[in-house]
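Throughout, protein chains are lettered first and strands after them, A, B, ... in sequence-line order, and every chain is numbered starting at 1.
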Amino acid sequence: MPHNHPETELHNPQSTKPPLDPHLKALENEAIHIFREVAAEFERPVMLYSIGKDSSVLLHLARKAFYPGRVPFPLLHVDTGWKFREMIAFRDEIVEKYDLDLVVHTNPRGAAENVTPFSHGSALYTDIMKTEALRQALDAGQYDAAFGGARRDEEASRAKERIYSFRTPDHRWDPRNQRPELWNIYNGMIRKGESVRAFPLSNWTEVDIWRYIQAEEIPIVPLYFAKKRPIVERDGMMILAEDPRLELLPGEVKREEVIRFRTLGCFPLTGAIRSGATTLDDIISELETATVSERQGRAIDRDQSGSMEKKKREGYF
Amino acid sequence: MTAPAIANAALDDATEVVTYTAQEPVRATRDSRPLRLITCGSVDDGKSTLIGRLLWDTKAVKEDQAATLQRDSNGKQNDLGLPDFALLLDGLQAEREQGITIDVAYRYFSTDKRSFIVADTPGHEQYTRNMATGASTADLAVLLVDARVGLLEQTRRHATIATLMGIRQFVLAVNKIDLTNYDRSRFEQISHEFRELALSLGVRQVTAIPVSALKGENVVYDGRASMPWYDGPTLIEVLELATTRSAQTVGFRLPVQRVSRPGESFRGYQGTVAGGSVKPGDSVVILPSGMVANVTKIVTFDLVRNAAVAGDAITLVLDRQVDVSRGDVIAAIDSQPMTGLAFDAQLVALQPEGIQPGKRYWLKSGSRRQRVQVQPASQLDLKTGKWNHADELPMNAIGKVHLIFDEQAIFDAYEQNRTTGAFILIDPDTNNTVAGGMITAKRAALGGIHAEESRVILSLPADLADQLMATELFAGRREDVEVRRVTAGKAAEIIDTIDG
């Protein structure tokens, strides 16, 4: 992508930070290696940017990988239209600050058929507004490689996914027939129309993500920190009640609670947790004694066991 | 039932276990790299239970995951009220249906001292390829045997594959020791046999541990109450102290991934240091061109660094305009890798088509991809440890092969460097990865495009040959010479068979 790039100051003013510990350094090195390899081997890479903490780490690593150059591929945000408002504001600020190319795609069916998490249920809504939307955006951009922030520790079916995860022209993942992946040698050979999803954070755990955010002072959406916020309880989840499109059902009461979010997605499908964690230190110590996994707050993973595998086969990230 | 309700239900069922982990240390900064390990053994040996136990006792399994587990196992539990760990580990629906593990899965857990990445691979013979994949990145192998059964043929197979892939630290977990009534002599007999086996493969670093994965004895918590006679470390203690492999003691290597040119005044070579270290002022050679330059700067996002070591992802700036592109290797000038058109290697065939003689594959090593022709020479019999002649290699075979390149290839021996000595083969017809390989040595370029060049075969007394080879003239062209040391009788026999 030709771009008039200003000369970059080589001595980065951020260098006052203490060096990373060897554990995080090893994870960072691995991720940078993957970024560079994909950028060199593929013609049209793109980075999936979901605005969450993993995406924030992914973006930071991309900037490190290509420094002093610019990030040599665009960011793609699949916007369902139901994200937290603070996420969108954060996204636009980051894109501006780091001089990034951003592509935003929303499935037109959302508006045309009025597809909402309330009207269609979480499974169908996710299928249309996330999975289908992602396929549309990848096809439109003719991207042959897409970076994602998925981690193997997130969910059982992810544990076997490769770092270069091969997809057919219709974006399908065949878990039974994955390419073997040895050492740090990645096979990026594909035919026209086929693509690869690349996961630089494969070997990171949730604690690693938070410790890295802390060590590298990476900006994240404020919703991760505890604050008194309006919520409503629904299906055993605490949902943020600030968007006027959220209609209270009979018996539901809006109230204020000190809460935060462990993961961010579409606000009607993302449950908050009661937490007083207002700093990264608080979050990390909360996490290290946590007894439930981060995906517990996500409605879409609970539909059925093996539901993530099913969604992934169909092209979900 | 809502998720928290399920989680609570799981809690009630597993109360005994939760009390184990009541004391949760606040985890400090990690002062070492994650240890990568591979577990070898079969379902019968209790492998899933052992890994499940590691995850459970280090609190890597969260309540909601345990709840899903509880739900999926339909209330099936073992004697201790623990859920069926195999369900936790076998991630893919296809595998659950078949009840076997068919692929490599990666698991993560940590203690307050270190974090761990486990490559969990199936034990069946037909999955040698998966074990080789898992072993390729591992620092250590945990081999599991059933205390009642002792070493099996598969134990030898697993140990052999692990050794071939470069693993030099073994832990033998003698599992189900509770079912032998904690029989000390049985444990000692098995560990003795295993040490002999390991030694025959050249592995000296062996720790044998009597374990009950089911009861959690000598895995994370010690089993002193049941085995007062065992005063060695628990499995987790061995893992915490194990060494991670490092390529820092060999010559500097930087396989160039990409050239960074953000503006006219900056030109940097980006890659991950694959061996040794580098600092500004060092003289380097660019291979295969052989051009020489000096390092002026090591650039990273955070600061301009004084040095970089193996494993670091860096951007290197040189003092002069030289032609460097992706796939080149920047190396220490006084400790260069081998370059040439023919190499010997060992490889594991990973796909049903096997490795066919004479077929032209893509070879990728580091960031370098080039055409190669593969000639199988022999195949390892995993039962006997013998190498038998072979013309082709079927799936799961481990073979010795000759590699013949059209263009200069750049390697170290795998024994010296696990990064620059490793490669994969890609089938140009399917684009699939069909083999993982390890370079053993360079061959004199007697085949390929040099086949028609004129050569002389000399038969010399050993002392005269040694003197000749010590000369500067000879040393300068050492790469072009092939030397075999044989008896005078054998030499006469060979010479006699040549017309000319």
(request) Tabulate, in ascending numerical order, the residues of residues 188-195 of chain A having at least one heavy atom closer than 4.5 Å to a heavy atom of chain B, or enter 'none'. (result) Met189(A), Ile190(A), Arg191(A)
(request) Examine whether an atom of Ala65(A) lies under 4.5 Å from a heavy atom of chain B, and if so say whether it belongs to the side chain, the backbone or both; otherwise answer neither. (result) backbone
(request) Report yes if some heavy atom in the side chain of His23(A) is under 4.5 Å from a heavy atom in the side chain of Ser110(B); otherwise report no. (result) no
(request) Could you tell me which portion of Ile117(B) (side chain, backbone, both or neither) has an atom closer than 4.5 angstrom to a non-hydrogen atom of chain A? (result) side chain
(request) For each of Gly436(B), Pro34(B), Gly366(B), tally heavy-atom pairs with chain A at distances under 4.5 Å, and name the one with the top tally. (result) Pro34(B)
(message) Surrounding CG of Asp429(B) (heavy atoms of other residues, nucleotides or ligands, distance under 6.0 Å), is the total greater than 12?
(response) yes
(message) I'd like to know if the side chain of Arg369(B) and the backbone of Asn187(A) have a donor-acceptor N/O pair within less than 3.5 Å.
(response) no
(message) Checking Thr315(B) now: which residues fulfil side-chain hydrogen bond (donor to acceptor under 3.5 Å, both in side chains) with it, not counting sequence neighbours?
(response) Arg36(A), Gln270(B)
(request) Identify which of Lys25(A), Glu37(A), Glu28(A) forms the greatest number of heavy-atom pairs closer than 4.5 Å to chain B. (result) Glu37(A)
(request) Heavy-atom distances under 4.5 Å only: say whether Phe66(A) touches chain B with side chain, backbone, both or neither. (result) both
(request) May I ask you to name which of Asp312(B), Val348(B), Thr137(B), Leu350(B) has the most heavy-atom pairs under 4.5 Å with chain A? (result) Asp312(B)
(message) So, taking the atom named CG in Asn203(A) and the one named OH in Tyr108(B), what distance separates them when rounded to the nearest 0.5 Å?
(response) 3.5 Å
(request) Taking only Lys NZ, Arg NE, NH1 and NH2, and the carboxylate oxygens of Asp or Glu, determine whether Arg36(B) and Glu30(A) approach each other closer than 4.0 Å. (result) yes
(message) Under 4.5 Å from any heavy atom of chain A, what part of Arg368(B) do you find: side chain, backbone, both or neither?
(response) neither
(request) Below 4.5 Å from any heavy atom of chain A, which atoms of Arg261(B) appear? Answer side chain, backbone, both or neither. (result) neither
(request) Examine distances only and state if a side-chain atom of Ser136(B) and a backbone atom of Leu182(A) form a donor-acceptor pair shorter than 3.5 Å. (result) no
(message) Can you list everything that forms a side-chain hydrogen bond (donor to acceptor under 3.5 Å, both in side chains) with Tyr164(A)? Sequence neighbours excluded, please.
(response) Glu41(A)
(request) Report yes or no: do Asp153(A) and Tyr106(B) form a side-chain donor-acceptor pair below 3.5 Å? (result) no
(message) According to side-chain hydrogen bond (donor to acceptor under 3.5 Å, both in side chains), who are the partners of Asp282(A), at least two apart in sequence or on a separate chain?
(response) Thr278(A), Thr279(A)
(message) Please report the interatomic distance OG1(Thr300(B)) to NZ(Lys64(A)), rounded to the nearest 0.5 Å.
(response) 7.0 Å
(request) Against chain A, label Ser260(B) side chain, backbone, both or neither, depending on which of its atoms sit under 4.5 Å from a heavy atom there. (result) side chain
(request) Say whether, by atom type as modelled, one donor and one acceptor occur between the side chain of Lys364(B) and the main chain of Tyr186(A) under 3.5 angstrom. (result) yes
